[in-house]
Amino acid sequence: MPYAVPFMMLGAVLFGIGLVGFLTRRNLIIMFLCTEVMFQGVLLNLIAMGLRHGNLQGQGFGLFVLVVAAVEAGLGLAIVVLLYRRRGTLDAESWRTMRG
Amino acid sequence: MTAMVQDILGSQLGLSLCFIAVSILVILTAVAYCIYFERKIAAWTQDRYGPNRVGPLGLLQPVADGIKFILKEDFVPGRVDRVLFHVAPMVAFIVAMIGFVVLPFGGRIRWPWMEEGTELLLQGASIDIGLLYLLAVGSMAVYGVVLGGWSSNNKYAFYGAMRAAAQMLSYEIPMGLALLTVILATGALRLESIVDAQVAHAWNLLLHPVAFLMLLTTALAETNRAPFDLAEAEQELVGGYHTEYTSMKFALFYLGEYAHIITASGLLATVFLGGWEPVPFTRLLAGTTWGGWLHWIASSTSPLAGLVRLGVFGGKIAFFVFVFMWVRWSLPRFRFDQLMRLAWKGLVPVGMGMLAVQGWLLYRGTPVHWSAPVAEVLLLVIAGAVNVASGREITGRQASLLRAASVRGEVGGTPAR
Amino acid sequence: MPSRNWRETDIVVVDQPELTLSERLYLPQIFGGMRTTLRHMFSKAMRDRTVVQYPEQKRPMRIENYRGVHRLNRDEQGRVACVACFMCETACPAHCIHIEGAPSPWPDREKYPIQFDIDELRCIYCGMCEEACPVDAIELTPEFRLVGQSREEMIFDKEKLLMVFDQTRHLKPRKNPPITGYAG
Amino acid sequence: MTSGGWVYVTYTVAALGALALYLALPRGRASHRTAGFVFGVASMAGLLTVLRYGLGDPAASNLYFLILSFLTVGGAVRVVTHPKPVYSALYFVMVVLATAALAVLAGAEFLAAALVIVYAGAILVTYVFVIMLAQQSESAAGALTYDTTAREPGWSVVAGFVLVATLAGVILERPWPAAEGEAGVAASNALSIGREVLTRYAVSLELAGVLLLVAMIGALAIARKPVPTDEVPPPDETAPPGETGRRVRPF
Amino acid sequence: MTGDVTQLAVWILLAPLMGSILIGMIGLRGLRDRAHWLAILGVAAALVAAVMLFNDLRAIPNAERAAAFEKSHVVYDWFRADAPTGGRGWFPVEFRIDSLTSVMLLTVLSVSLLVIVYSVGYMRDHHGQGERGYERFFAFLALFVFSMCALVLAGNFLLLYLGWELVGLCSYLLIGFYYQKPSAAAAAKKAFLVNRVGDFGFGLGILLIYWRCGDLSYTYVFSDAGRAALDGYETIVALLLFCGAVGKSAQLPLHVWLPDAMEGPTPVSALIHAATMVTAGVYMVARCGAIFTASPTAMAVVAIIGGATALFAATIALTQFDMKRILAYSTISQLGYMFLGLGVHAPASAIFHLFTHAYFKALLFLGAGSVMHAMAGEIDIRRFGGLARGLKITAATFWIGGLALAGFPLFSGFWSKDEIIHAALNHAPILGGLALLTALLTAFYTFRMIFLAFHGPQRLPPGVEHAHESVAWMTVPLLLLSIGAIGAGGVAMASGDFNIHAWLGPVVAPHGEWSGAESHAGGEDLTLMIVSGALSIVGTIAAWYVYRRRPAIATVVPILLPGPHQLLYQKYYVDELYDALIVSPLRRLGRFCFGMDRYVINTLLWLITAVPRSIGFMLKETMQVGAIQGYAMGMAVGVLLIVWVVLAGS
């Protein structure tokens, strides 16, 4: 099972970087981008796990990750566009009033 | 020395590298001459002669153009995003060029000094997912345009970029659907396998005429060519995404466009026109004299036949390049909403129907020789009939505007259905 | 804040024509159009009939009403016909004419131009000077091939304008001979 | 070195990387950038060392793998730290392309192609599209404050560090069992993926399709600009008369 | 050959379904007033396929029929489940294609086609514009035809149940077509709910079969093995199945929905509440003969309920004034005849009556629709009269339908009804006598309606200037149906495969289950024929006497006999009875439960949730700051905890 463990390590690093980005950036779109970085980490992990088990389930699930990413991008960006139209800014802080 | 040359040419990697080196030169020249032919064809269509001053028949015109491009002032406007402004043309050109590597130019050959039974592929690289690779590379092409348009800090360039992005995203889907139909029928993603399948049966042009038309249409749109050249519509956007570009950077955009056309032509020739097969059905012609020659060209592994096949493939590419130009000088440009409607309400449903029909035929195990084209044409006619039955063509936005006015009673007509 | 920069008055309802099936399919129409262009592409006769290889071949043109480079006419005695009345300079909308007058050395007129410059790059070739001139001294010739390598040499002075007259005299004879005798 | 030793090396590298990330995050002034860069180079070298030597995977000495790892992680860091959104998106394109190349290395060619076509070719173009719509290339006010100031970088970096360290520790210390089936590389092509997805995961595939459809409709419903039907503005009295919604013949 | 037949069956199903789906997809935008073409095309294609199917079946030699008819035609592997006992536990989409199926298909599709054609004329206003929901109507009609064909073609009980419920759904949709009208919406709801009662029993019966046999295909259940597995349970299974039939075919005591269902457009009444859907119960009982005949009790119940319903509904029909309502009760009564036939071991006669009844009852309903069209929606026969002058074709065809319904000699109803009465007299003379009495009443109420509506001095409801004949879209189906109403009885006398008894014989009596049926061929007892013919003539003359000659009688009788008349006029107070016995107590129970839920349980829940709610409130005030990153931080901490616990802890 070549590469499996290094791939997992790489996936973990990507996930961590994406997490930090999501927590620190204030631009709505960049926050979305950071979640996509985390997706990439997960994708690498899935590939690695598939390698480890010697089957294609990891890659099959990778395709579903793609689907989820596409859905997330479509809906998320639609919402971002709507928010931008309202406030004229992409700052996540400008929507702090959205609390119960 | 000879042995070394034989070794290099006798290994697939060596042959591929040599082939790539040669073909880059050839293709760069061809790209430059495309501009010449574009001007010639434009002229002929309009009953003119075209460039005929520089060199005999104007054949040195590309050289003159090149010199002029290099010598012009390389102007960078103020307040542009400098890095992206410089990167964009390179992206456009590189992306357009790297698609060539998987096109199957010449089939299999065997050098005389090689063992019996070993064969080499006369192409850059043969990868398992060749068609997907082409699609992937094609989908990256939009970045050059978008970055160029945005970094110019010019509203016309920006509009052009936005249009191009929307257009290329939209047309990738029907392109994928048309290709999927063929993939489904041939059962292969590897481009050589598709060609082999066509040599063994019939050209996909005959089997899937509607898919061919669809791929041709989407290829026009993906390369930003007329009648889909919304991104550089002169009347509205000055020059579109490359308004602010000058000199060699502009030339890169320009050459990239033609390189893209050549790649698209190669794809069309490979997938639908039997790649390097000179005429369809060579396997049936093997008995006759001339047919025997054609069959030899299509099937022999001798290097000479490979060379002829290269010529045949080049000829097919040239034909499609001609078609691209012919279309450009024949058809008027679409309006943007028409463009989008054609993709989403025309090509995508028809493509999905085509895919479903193809899948059904495969599932039924019906021999596809006549059923596939008949089914596809029928599908097209049905789509047209539905289109006719569905009434007036008013897009969503227009319909809403009209309804708003109609509510106020200021438009006499009924709101669009 | 949805932008509302449209008004209902902007809406024009186009009654769309009813299209037949073949028209809705577009393809037959498209192929028809492509056939037309292909026919033109391969008809050399049409090309040869219509194209004029310009520098070598020229189309006949009506020279009377073409407005090209200016000239300053000479009268019968070879003198400059201008009387330095400044009418053309006044009429010129592009302000490209510059005249400096001086008392005339000849008895039949009071003044004559010692300097007469026309900036050919500034001129819009409207022909107002021609209209304004009381003695038909300034005229526009049918000569349109006007080239130069610097801005300075495109400012034509009196000698050059007279030279133009000498060169184009046979092309376009001076229309109205001067109304002689008004100065005695 | 023992596995236990590598764990501490890994923790150190993660801490170094966290520090570098903390310093490199945009915070309105560029003073820490250089320090961040230095620490970043150090931690990147550490990471590559760990990948190469620390995981007991001889195949990881493949030069391509190391280069691609560098591109992936470096690109991801730039996505997170770059103050200009467009550059963030473009660095992410780089991350995706590098990930796709890694997938090719792992024998997942089809996934790689899908990654490029869908991610780089469609999703990211949409991102770039929206970013560009929202921000011109050089706004008059310079870069926007919310792009150049990070929010609570300290705590976030700590959280990220703890997560990565935990995961890395688990990955290093776990006795990973040997592979169960055949090596997946040989079988991994489009055909077997398709067979897998269309037979075993057929229902999931259908569900994914439904999900996409729903998302498409939802996105349309959200982003579509409504035309006010009942509160259209009153007609402009000064507009020239006779032009109101006139009907014209097409030709 | 079998492949061919299976394909035809698939086309029979697909053609109307495609029509329906296409209308649904493009009807509103593209077709609108042309929507009917797709429905007509689909059903006509199905009819052609059904005729071809009939021919293919006829091509099978007699000796092989029994075997060929028992075959199940599997087209699709639907799903598998663990069988409780034995059996295959396999549910394919399979068809049973035999002579019974083909007769049903021909009946259903031919009547449906004519009704759809009729609807083209009916569903338009005077300007020729389609009504609101025009395309919806045709989509529903085509869907209904699909459902009915699925029910008839089904090769196992699961598919039968599917078709059964689908026709119920279509019936709901079509009765409630004018959903803006409260009465129509209520009628649709009522039909659906009453059917649920029956379907509940039906479903239980199917479950019971599955429990015992482990398989739902006819081939297995009706085989010796299947019947052995059901041994000891036949009565309960048969009664449960019959429960469904009672609901769907509107027999006592679940008949109440059918008269109300007349709120739907008249073609709907003709199609599904007279000719096809309500016959599903008859078809099902005939199909399940193997189960029913094994239980004499069940057969007796079927016969008694059938006979009682026939008489009961006929008496109600005597007093009603709404033309469609009279026809509705008449339908219930005729369905009672069919069940009587089934109960007295004459299934072929029952199916025969189903066949003839489909034509003449559809004809009568469509005629009523034509009258309604001419009278601007008025249907009360007290409000108009003497229409025969204005509506010549309608009156003539209505007469033909009436004669067939009344069992006038040589009309189709005569033959089929006669066979049932004959079998009933042989089997249970009391029931036979009731059936004879019902025949007399049938003739009477039929001609009461005809004389009141079409003869005598012309009277028109206010707002109608003159009675005008309907358009050709409507009259042509009437004429074609009247041919059926006259000639359908001929299949009793025809020879060879066209004789209904010979044709149905191998299916309804393959093992001699329906003992007594095979001895009976149409109309051989001449005495009975004369008696029943005479009864119908007497009824007709009586109606003429009472309503034309001495109309005073008609007005005097209700006054002289107020009790019985009111009893009949109020339909034996069945609705009121149900209301008092079932609906009101249920409603009270519901109100009680609602009160419990609202005040007791809600209070409890509120108290239970108070703790987390107050915690949540405190958290909201302190932790919820409105920034997404803050929440994401919380998620990250949670992920960390999980990673720690799951991975590091182990």
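Numbers restart at 1 for each chain; the letters A, B, ... are given by sequence-line order, proteins then strands.
Counted within 6.0 Å of CE on C:Met128, heavy atoms from surrounding residues, nucleotides or ligands total 12 or fewer; the atom is thus considered open. Around CZ of C:Phe165, the count of heavy atoms belonging to other residues, nucleotides or ligands within 6.0 Å exceeds 12. C:Gln57 CD: more than 12 foreign heavy atoms inside a 6.0 Å radius. Counting heavy atoms of neighbouring residues, nucleotides and ligands inside a 6.0 Å radius, atom CZ of B:Phe212 exceeds 12 of them.
Note: C:Leu27 CG to B:Thr217 OG1 = 7.5 Å, rounded to the nearest 0.5 Å. Put simply, CH2 on B:Trp44 and CG on C:Leu38 are 11.5 Å apart, with the number rounded to the nearest 0.5 Å. The structure places OG1 of C:Thr50 at 11.0 Å from CD of B:Gln46, a figure rounded to the nearest 0.5 Å.
In terms of heavy atoms, B:Arg53 sits closest to C:Gln53 at NH2-OE1, 2.9 Å. Counting all heavy atoms, side chain and backbone alike, B:Thr45 lies closest to C:His40 at O-CB, 3.6 Å.
For the side chain to side chain contact (heavy atoms under 4.5 Å, CB included) test with B:Asp47, the passing option among C:Met46, C:Lys44, C:Arg49 is C:Met46; the others fail.
In this structure, the portion of B:Leu213 lying under 4.5 Å from any heavy atom of chain C is its side chain and not its backbone.
Every ring-ring contact (aromatic ring centres under 6.0 Å, His included) that B:Trp326 has, sequence neighbours left out, goes to B:Phe322.
Annotation: salt bridge (charged side-chain N to carboxylate O under 4.0 Å, His left out) contacts involving residues 145-159 of chain C, sequence neighbours excluded, comprise C:Glu143-C:Arg145.
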